[in-house]
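Atoms within each ligand, like the ligands themselves, are counted from 1 in listed order. All values below were derived from every heavy atom in this structure, side-chain atoms included, with hydrogens, water molecules and symmetry-related copies excluded. Throughout, numbering of the chain's residues begins at 1 and tracks the sequence.
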Amino acid sequence: MTALNPAQSLSPSSLMQRALYAALDSLGLKVKDLNGLIAVPSLAESHFMEAHYLGTQVGLLPGKSVIVRTVDTGGAGPVTGLLEARRMVENEGVDLVAVVAGDAVKGLSSQEFLKRADQSCSHPAAELPSPVIPNGYDRIARFQMSKYGVTRDQLASCSALMSIMASRHPFALTKKPRTIADILAATSVAPVTSVLECARRADGGAAILVASSQFLAKRGLPRDTGVVIIGGGEASGPLYPPKEIDTISEEMFSCEEAAGVAYEEAQLGVRDIDFFGLYDCFPICLIRAVEAVGLAEKGLGGVFIEEKYREIAARAAVDPEFRPQDIFPVNTHGGLLAFGAPWEVPAMYNIIEAFHQLTNSAGKRQVKDARRALVYGNGGIFSASAVAILGKGKY
Ligand code: MLC
């Protein structure tokens with residue numbers, strides 16, 4: 001990954017290129033070693049056929065026997081890309097695929113960002129005021145409050161908990177833990193959403209390489225320095241929620257279905273997973289995610305998060321050595337709410353943090369004996385869910 005909000009402002013294409021070169025360099029590989037490229041589009045500088053644009057910029061194209069694809073499932077894009085890369089390796093004879101994302105939404109003025117972001121999920125039928133996306137998630141939060149008794153403090157706990165996690169990651173944007181009171185006192189953006197409960201707008205790029213076992217053997221690359229993809233699932237919902245809260249139904253949500261498909265393919269259950277990288281663009285996304293992957297019972301995700309937050313905050317206050325990951329092995333980097341969220345890029349950080357956990361390179365954030373991880377990306381307003389289950393490369 002590139003630095004978040006680099007000192008010198010860079011275009012989305014430059015961020016994508018830097019991330020791609022950094023990933024290749026880390027293994028001593030070159031662009032011409034790739035025969036697959038997947039990119040997700042940016043908001044700040046969108047291109048027709050983003051992956052072809054990037055492939056041409058870096059000199060992968062023209063080239064023979066190269067498969068290049070743009071995937072657009074919004075914020076789920078990196079996880080969809082990871083699963084698509086696996087299909088390319090398994091079914092299409094591709095050896096080495098790069099999945100790349102980059103955006104520079106912090107570099108846009110507030111007005112320009114909102115103009116573009118509002119267009120992405122708006123429709124007259126949804127009657128969502130600007131900012132459209134925070135208001136869309138806020139509507140779902142209010143649905144969850146009326147249907148399942150989620151409280152305002154439970155919502156705020158999500159952001160407070162993510163700020164504790166982020167404060168332990170050297171690259172995260174949020175450096176200091178925040179309390180529920182801090183979150184509630186921040187500027188209001190929508191009826192039950194403050195500015196500190198929005199995906200933290202940022203610039204950044206990230207890339208991931210997916211290789212076949214044959215490629216690793218041929219190039220003398222050890223299998224146990226990477227991770228393996230052992231299951232995946234995707235499911236879809238509508239682009240925007242219905243206007244009336246009382247007409248929202250469980251049918252519009254898709255994470256549980258995607259996670260179910262992934263667990264089934266991997267022949268694993270929630271108790272087999274040691275680390276979870278869960279999408280948290282707004283608190284309600286994290287609350288629904290802990291339920292969907294089976295960490296909390298249906299309707300009790302908010303209670304679960306608030307309990308974890310209060311326990312972690314209390315123990316961290318008296319014990320500087322306390323390890324929050326021992327009781328909440330989720331988003332040890334701080335998620336979208338606190339690590340940073342360059343539009344469609346941030347699910348990459350869930351995958352990268354899972355990679356660090358599974359390769360025992362997460363430093364003081366390390367989850368003990370992490371052997372399997374689940375990563376979840378969400379696009380639109382609960383419009384796309386992609387879940388992948390990853391395993392340690394070494395058995
Ligand atoms: C913002 N700030 C935060 C923060 N969010 N600080 C800590 N934690 C957070 N989570 C800070 C900023 O760094 C900034 O401080 C100040 O608050 C104001 O933020 P801003 O973004 O510069 O302000 P503004 O332009 O007025 O816009 C506010 C906003 C916007 C809430 C309308 O930030 C917004 O729309 N955010 C949500 C972005 C979004 O929708 N992403 C996609 C999520 S949906 P400073 O010091 O820097 O000035 C998704 C699915 C998908 O992920 O498919 O994409």
Side-chain angles (χ1 to χ4, degrees), residues 4-5 40-44 46 71-80 101 103 105-122 128-141 155-156 158-167 172-179 182-183 185-190 193-204 236-241 254-255 278-286 288-289 331 334-350 376-386:
L4 280 165
N5 296 346
V40 303
S42 77
L43 188 76
S46 69
V71 302
D72 186 7
T73 52
V79 183
T80 302
D103 212 334
V105 286
K106 186 69 183 168
L108 296 173
S109 67
S110 300
Q111 202 186 12
E112 187 58 30
F113 170 71
L114 277 185
K115 193 172 111 194
R116 295 179 190 206
D118 281 358
Q119 275 168 2
S120 67
C121 290
S122 86
L128 285 167
S130 180
V132 165
I133 297 177
N135 272 291
Y137 281 91
D138 189 276
R139 187 175 288 170
I140 305 300
L155 293 167
C158 295
S159 191
L161 185 49
M162 289 301 103
S163 72
I164 296 177
M165 295 301 193
S167 69
L173 291 181
T174 298
K175 304 286 179 207
K176 289 209 179 92
R178 289 198 164 91
T179 62
D182 297 333
I183 309 287
T187 310
S188 174
V189 168
T193 309
S194 81
V195 69
L196 299 179
E197 294 169 292
C198 296
R200 190 164 180 174
R201 197 154 67 94
D203 296 357
S236 304
L239 188 60
Y240 47 84
S254 52
C255 179
L278 301 181
Y279 208 83
D280 62 324
C281 48
F282 294 89
I284 199 59
C285 189
L286 183 61
R288 289 200 60 97
N331 294 359
L336 283 80
L337 289 169
F339 185 78
W343 198 240
E344 290 197 18
V345 182
M348 282 286 198
Y349 305 136
N350 295 4
Y376 157 50
N378 156 60
I381 303 173
F382 292 107
S383 317
S385 296

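- Results of the side chain to side chain contact (heavy atoms under 4.5 Å, CB included) test with F339 over L4, N350, L173, N331 single out L4 as the only residue that passes.
- The heavy-atom pair separating P238 from S383 by the smallest distance is O-OG, 2.9 Å.
- Counting protein heavy atoms only, atom 25 (O) of ligand 1 is closest to S110 OG, 2.5 Å.
- Residues passing the side-chain contact (heavy atoms from CB on, under 4.5 Å) test with A166 are A172, T174, A338, sequence neighbours excluded.
- Per-residue contacts place L337 under 4.0 angstrom from the following atoms of ligand 1 (heavy atoms of the residue considered): 8 (N), 9 (C), 10 (N).
- If you check which protein heavy atom lies closest to atom 45 (P) of ligand 1, you get K106 NZ, 4.3 Å.
- By the definition of a contact as any protein heavy atom under 4.0 Å away, atom 29 (C) of ligand 1 is not in contact.
- Residue E344 has no N or O atom closer than 3.5 Å to an N or O atom of ligand 1.
- Within the 4.0 Å heavy-atom criterion, the part of R178 lying near ligand 1 is the side chain and not the backbone.
- Scored by the side-chain hydrogen bond (donor to acceptor under 3.5 Å, both in side chains) test, E344 finds no partners at all (sequence neighbours excluded).
- No N or O atom of P131 sits closer than 3.5 Å to an N or O atom of ligand 1.
- Applying the 4.0 Å criterion to heavy atoms of C198 picks out, from ligand 1, the atoms 5 (N), 9 (C), 10 (N), 31 (C), 36 (N), 37 (C).
- The protein does not reach atom 15 (O) of ligand 1 closely, with no heavy atom under 4.0 angstrom from it.
- Nearest to atom 40 (O) of ligand 1 among the protein's heavy atoms is I133 CG2, 3.6 Å.
- Each of the atoms 1 (C), 4 (C), 5 (N), 17 (O) of ligand 1 lies under 4.0 Å from some heavy atom of V195.
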